[in-house]
> 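Can you read through this structure? Questions will come right after.
The model shown is predicted, which means the values in this text are computed figures rather than measured ones. Numbers restart at 1 for each chain; the letters A, B, ... are given by sequence-line order, proteins then strands.
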Amino acid sequence: MNYWLVKSEPSAYSWDDFVKDGGTRWDGVRNYQARNNLIAMKKGDPVLYYHSGALPEVVGTAKVAKGSYQDPTTDDERWVAVDLAPVKPLKRPVALGEIKKEKRLKDISLTKQGRLSVMPVTKEEYDVILGMGSG
DNA sequence: GCCAACGTTGGC
DNA sequence: GCCAACGTTGGC
């Protein structure tokens, strides 16, 4: 089992939209590294849901509802999509600033590769963020 | 709104 | 295959 973090700009698609929809297709990714991460996602893998933009923070947990398949928004067979389903919101969001300050998260891809939109996290990183978000 | 980081494109 | 120019992302 692998652990992941996905970014979304809340003005485009927020956590609340995600919950209201009961899940969504994660498509439109046009970056090879992010694409490779999508391909590595397996049904049931836990996912952290992160808001980028004015208020950068991890807001909730999700899971992979369906592994990768051809991205239906393009005929270009290089690109794939996955389906994600919401699990639950964090009791309190974990801000990027806190993540940067937390020693146990010093190697997290979120801060190492700022522009990557789909990235793996370790189980430890996942658990630490969940712990910080539990109140 | 600015700017740094960095992926992509295209000329050579 | 190199590298400069360009575009996009995302933090501040």
> Looking at residues 2-13 of chain A, who's got a heavy atom less than 4.0 Å off DNA chain C?
A:Lys7
> Are the side chains of A:Thr74 and A:Asp27 in contact, using a 4.5 Å heavy-atom criterion?
no
> A:Arg30 and A:Asp71: salt bridge (charged side-chain N to carboxylate O under 4.0 Å, His left out), yes or no, with the steps?
CA-CA 10 Å; A:Arg30 298 292 182 269; A:Asp71 185 342; 2.9 Å; yes
> Using side-chain heavy atoms (C-beta onward) and a distance below 4.5 Å, is A:Ser14 in contact with A:His51?
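They are in contact (side-chain heavy atoms under 4.5 Å apart), so the answer is yes.
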> With heavy atoms of chain A within less than 4.0 Å as the criterion, where does contact along DNA chain B begin and end?
B:dA5 to B:dT8
> Check whether any side-chain heavy atom of A:Thr111 sits under 4.5 Å from a side-chain heavy atom of A:Leu96, and report yes or no.
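They are in side-chain contact.
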> Counting distance only, does the side-chain N/O of A:Arg104 pair as donor-acceptor with the main-chain N or O of A:Glu124 below 3.5 Å?
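Checking the backbone N and O of A:Glu124 against the side chain of A:Arg104, no donor-acceptor pair under 3.5 Å is found.
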> Atom CG in A:Asp83, atom CH2 in A:Trp26: separation rounded to 0.5 Å?
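Interatomic distance, A:Asp83 CG to A:Trp26 CH2, rounded to 0.5 Å: 11.5 Å.
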> Check for a donor-acceptor pair, side chain of A:Lys7 on one end and backbone N or O of A:Leu116 on the other, with a separation under 3.5 Å.
yes
